[in-house]
Amino acid sequence: MPIRALAVALLALFLAAGPAAAAKKTKTETGSSGQVTASLTYDYKTNRYGIAGFSNARVSITRGGVQLVNETLGKECAYCTPWPASGAQKGVSSVRVRDLDADGEPEVLIDLFSGGANCCWYTESYRFDENLNRYVKKLLRPGLSFPYVLNDLDKNGIPEFKSIDYRFAYKYGSNVDTPRPLRIFNWKAGKLVDVTVGFPTLAAKDAAVMYKGYLRYRKSKDVNVRGFLAAYLADSYNARNGPAAWTRVVAAYHRGEVKKRFSGESGPFGRAYLKSLRSFLKKLGYLRQA
């Protein structure tokens, strides 16, 4: 199932309401690689619509037969209510154990969901520190609105986190009017490093999708295209085609397509939109990739 379709399906389950139809159950999801085994255990209840809620999420990590982590989740950040990203669905796991930096030592990723219509997916990561002889924990947020995909995109033995740039959400319109451009990360000692500019072909493909969306709706009387153009421009800079994309955006301005105002919308519009967009892309680092 495509990752966005999975996210929508999970959200429908999470937000379902109805009378309880089953007693509390406990489930454990596991993953392993080499001498490392990790598990996520949680309680959940179901109702006639599906998954109603989760509690008591707990992580255990064993390395070389020795348990080094055994802790309850839930205090990592203000919004972190740890529901498993799997939604307790059969055949879907919230636990990944994989060597993220090709150093021979597997890391542990626990993918979680805190509820909400348009966010919030996050990941608890655990990296073994030989000097401390223990796991170091870090909160990751590769894609706040949808889960990431972990693949070795450039076939160099190191997997990438393929996600989206959530910073574009609501910037120039509503959630549905502000698609997010591609964002790709590598793992480095418990931190995510943005390497999107190193994948111009993928960025160009995403830019084409954004531009197609703009073309589809630019003549509509009730669809805002400022978000499509913003994402298209960001992708284009990562695809090393920023100047040409700017020409298209300016042409859209001259045709009045970024001046259209709809009930309940906030600006900027017109020339102010162009100024804001340039400043925004510069702030996020896209313009330095021209």
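Keep in mind the model is a prediction, meaning the values are calculated, not measured. Throughout, numbering of the chain's residues begins at 1 and tracks the sequence.
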Check your understanding: What are the two closest non-hydrogen atoms of S33 and V97, and how far apart are they?
Key -> CB-O, 3.5 Å
Review point. Nearest heavy-atom pair of P159 and G157: which atoms, and what distance?
Key: CD-O, 4.0 Å
Review point. Taking it one step at a time, do Y286 and F280 satisfy ring pair (Phe, Tyr, Trp, His ring centres under 6.0 Å)?
Key: CA-CA 9 Å; Y286 286 94; F280 183 57; 8.1 Å; no
Point to revise | Test item: K27 side-chain N/O and A88 main-chain N/O as donor-acceptor pair under 3.5 Å | key: yes
Point to revise | Hydrophobic cluster membership, V149 vs V209, 4.5 Å side-chain cutoff | key: no
Exercise for review: Identify the two heavy atoms, one from A231 and one from P179, that lie closest to each other, and give their separation to 0.1 Å.
Suggested key: CB-O, 3.5 Å
Check your understanding: Short question: side chain of Y237, backbone of A245 - any donor-acceptor pair under 3.5 Å?
Key -> no
Review point. Counting heavy atoms not belonging to Y253, are there more than 12 under 6.0 Å from its OH?
Key: yes
Review point. Is L284 linked to V195 within one hydrophobic cluster, defined over Ile, Leu, Val, Met, Phe, Trp and Tyr using a side-chain heavy-atom separation of less than 4.5 Å?
Key: no
Practice item. Dump the intermediate steps for side-chain contact (heavy atoms from CB on, under 4.5 Å) on Y42 and E29, then the final yes or no. Key: CA-CA 9 Å; Y42 51 87; E29 301 177 16; 2.5 Å; yes
Check your understanding: Are D111 and Y148 close enough that a side-chain donor and a side-chain acceptor fall under 3.5 Å?
Key -> yes
Point to revise | Common cluster, Y122/Y135, ILVMFWY with side-chain heavy-atom separation under 4.5 Å | key: yes
Practice item. Answer yes or no: is there a donor N or O on one side and an acceptor on the other, between the side chain of K260 and the main chain of R218, under 3.5 Å? Key: yes
Check your understanding: Do L233 and W246 touch side chain to side chain, with heavy atoms closer than 4.5 Å?
Key -> yes
**Study point:** V69-V36 co-clustered via ILVMFWY side chain contacts under 4.5 Å
**Key:** yes
Point to revise | Atom pair OG/CD1 of S93 and I110 - distance to nearest 0.5 Å | key: 8.0 Å
Check your understanding: So, D177 versus Y217: side-chain donor-acceptor pair below 3.5 Å or not?
Key -> no
Check your understanding: Checking salt bridge (Lys or Arg N to Asp or Glu O under 4.0 Å) for the pair R183/D194: CA distance, chi angles, key distance, verdict?
Key -> CA-CA 7 Å; R183 203 172 187 200; D194 191 329; 2.9 Å; yes
**Study point:** Test item: K45 and K25 side chains (from C-beta on) under 4.5 Å apart, heavy atoms
**Key:** no
Review point. Does any non-hydrogen side-chain atom of Y44 lie less than 4.5 Å from one of S55?
Key: no
Revision key, fill the gap. Here the pair of heavy atoms bringing V95 nearest to G31 is CG1-N, 3.7 Å
Point to revise | Test item: side-chain donor near acceptor, Y126 and E71, under 3.5 Å | key: yes
Review point. Please, which pairs that meet salt bridge (Lys or Arg N to Asp or Glu O under 4.0 Å) have at least one residue in residues 195-217, sequence neighbours excluded?
Key: none
Review point. Can any side-chain N or O of T178 pair as donor or acceptor with the backbone N or O of Y170 at less than 3.5 Å?
Key: yes
Check your understanding: Given the side-chain rings of Y214 and Y232, with only the six-membered ring counted for Trp, is the space between their centroids under 6.0 Å?
Key -> no
Exercise for review: For the residue pair I158 and L100, establish whether any side-chain heavy-atom pair is separated by less than 4.5 Å.
Suggested key: no
Review point. Rounded to the nearest 0.5 Å, how far does CG of L112 lie from CZ of R141?
Key: 13.0 Å
Show the atom names and distances, to 0.1 Å, of all donor-acceptor pairs under 3.5 Å that link a side chain in residues 58-67 to residues at least two apart or in another chain.
{"from": "R58", "atom 1": "NE", "to": "N70", "atom 2": "OD1", "distance (Å)": "2.9"}
{"from": "R58", "atom 1": "NH1", "to": "T72", "atom 2": "OG1", "distance (Å)": "2.3"}
{"from": "R58", "atom 1": "NH2", "to": "N70", "atom 2": "O", "distance (Å)": "3.3"}
{"from": "S60", "atom 1": "OG", "to": "Q67", "atom 2": "NE2", "distance (Å)": "2.8"}
{"from": "R63", "atom 1": "NE", "to": "E105", "atom 2": "OE2", "distance (Å)": "3.1"}
{"from": "R63", "atom 1": "NH2", "to": "E105", "atom 2": "OE1", "distance (Å)": "3.0"}

**Study point:** Inter-residue atom distance L140.CG - L109.CG, 0.5 Å rounding
**Key:** 7.0 Å
Exercise for review: Start with the C-alpha distance between D101 and K188, add both sets of side-chain angles, then the distance that settles side-chain contact (heavy atoms from CB on, under 4.5 Å), and finish with yes or no.
Suggested key: CA-CA 7 Å; D101 49 15; K188 186 177 181 180; over 6 Å; no
Review point. Salt-bridged, E257 to K219, with N to O below 4.0 Å?
Key: no
Practice item. Applying side-chain contact (heavy atoms from CB on, under 4.5 Å), run through E107 and W187 and close with a yes or a no. Key: CA-CA 10 Å; E107 281 74 37; W187 160 282; 3.5 Å; yes
Review point. Around atom CZ of R98, are there more than 12 heavy atoms of other residues, nucleotides or ligands at under 6.0 Å?
Key: yes
Check your understanding: For K155, does its backbone N or O pair with a side-chain atom of D152 as donor and acceptor, under 3.5 Å?
Key -> yes
Review point. When rounded to the nearest 0.5 angstrom, what is the spacing between CG in L40 and OG in S86?
Key: 7.5 Å
Exercise for review: Quick one: pull up CG in L192 and CG in N186 and give me the separation to the nearest 0.5 Å.
Suggested key: 9.0 Å
Check your understanding: Does some side-chain heavy atom of E124 sit less than 4.5 Å from a side-chain heavy atom of L73?
Key -> yes
Exercise for review: Taking atom types as modelled, find out whether T41 and T28 have a side-chain donor-acceptor pair closer than 3.5 angstrom.
Suggested key: yes
Check your understanding: Run the side chain to side chain donor-acceptor pair (under 3.5 Å) check on N241 and S236 step by step: do they pass?
Key -> CA-CA 5 Å; N241 193 36; S236 295; 5.1 Å; no
Review point. Any chance the side chains of N238 and T196 put a donor and an acceptor closer than 3.5 Å?
Key: no
Check your understanding: Hey, is the main chain of D103 close enough, under 3.5 Å, to the side chain of D99 for a donor-acceptor pair?
Key -> yes
Check your understanding: Is the backbone N or O of P268 less than 3.5 Å from a side-chain atom of S276, with the two atoms forming a donor-acceptor pair by type?
Key -> no
Point to revise | N-O pairing of E160 and K162 below 4.0 Å | key: no
Check your understanding: At what distance, to the nearest 0.5 angstrom, does CG of L68 lie from CG of N133?
Key -> 6.5 Å
**Study point:** Minimum side-chain heavy-atom gap L150-F161 below 4.5 Å
**Key:** yes
Point to revise | Heavy-atom closest pair, residues A234 and L281 | key: CB-CD2, 4.0 Å
Practice item. For the residue pair L274 and V249, establish whether any side-chain heavy-atom pair is separated by less than 4.5 Å. Key: yes
Review point. Salt bridge (Lys or Arg N to Asp or Glu O under 4.0 Å): which pairs involve residues 225-235, sequence neighbours left out?
Key: R226-E265
Exercise for review: Please work out which of the three classes, parallel, tilted or perpendicular, describes the rings of W83 and F113, given edges at 30° and 60°.
Suggested key: tilted
Exercise for review: Kindly say whether A85 contributes a backbone atom to a donor-acceptor pair with the side chain of S94 at under 3.5 angstrom?
Suggested key: yes
Point to revise | Heavy-atom closest pair, residues A230 and L277 | key: CB-CD1, 3.7 Å
**Study point:** L182 and I164: CA distance, side-chain angles, deciding distance, side-chain contact (heavy atoms from CB on, under 4.5 Å) verdict
**Key:** CA-CA 5 Å; L182 176 71; I164 56 174; over 6 Å; no
Check your understanding: Can the ring centres of Y211 and F228 be said to be less than 6.0 Å apart?
Key -> no
Check your understanding: Can you hop from F128 to L139 via hydrophobic side chains spaced under 4.5 Å?
Key -> yes
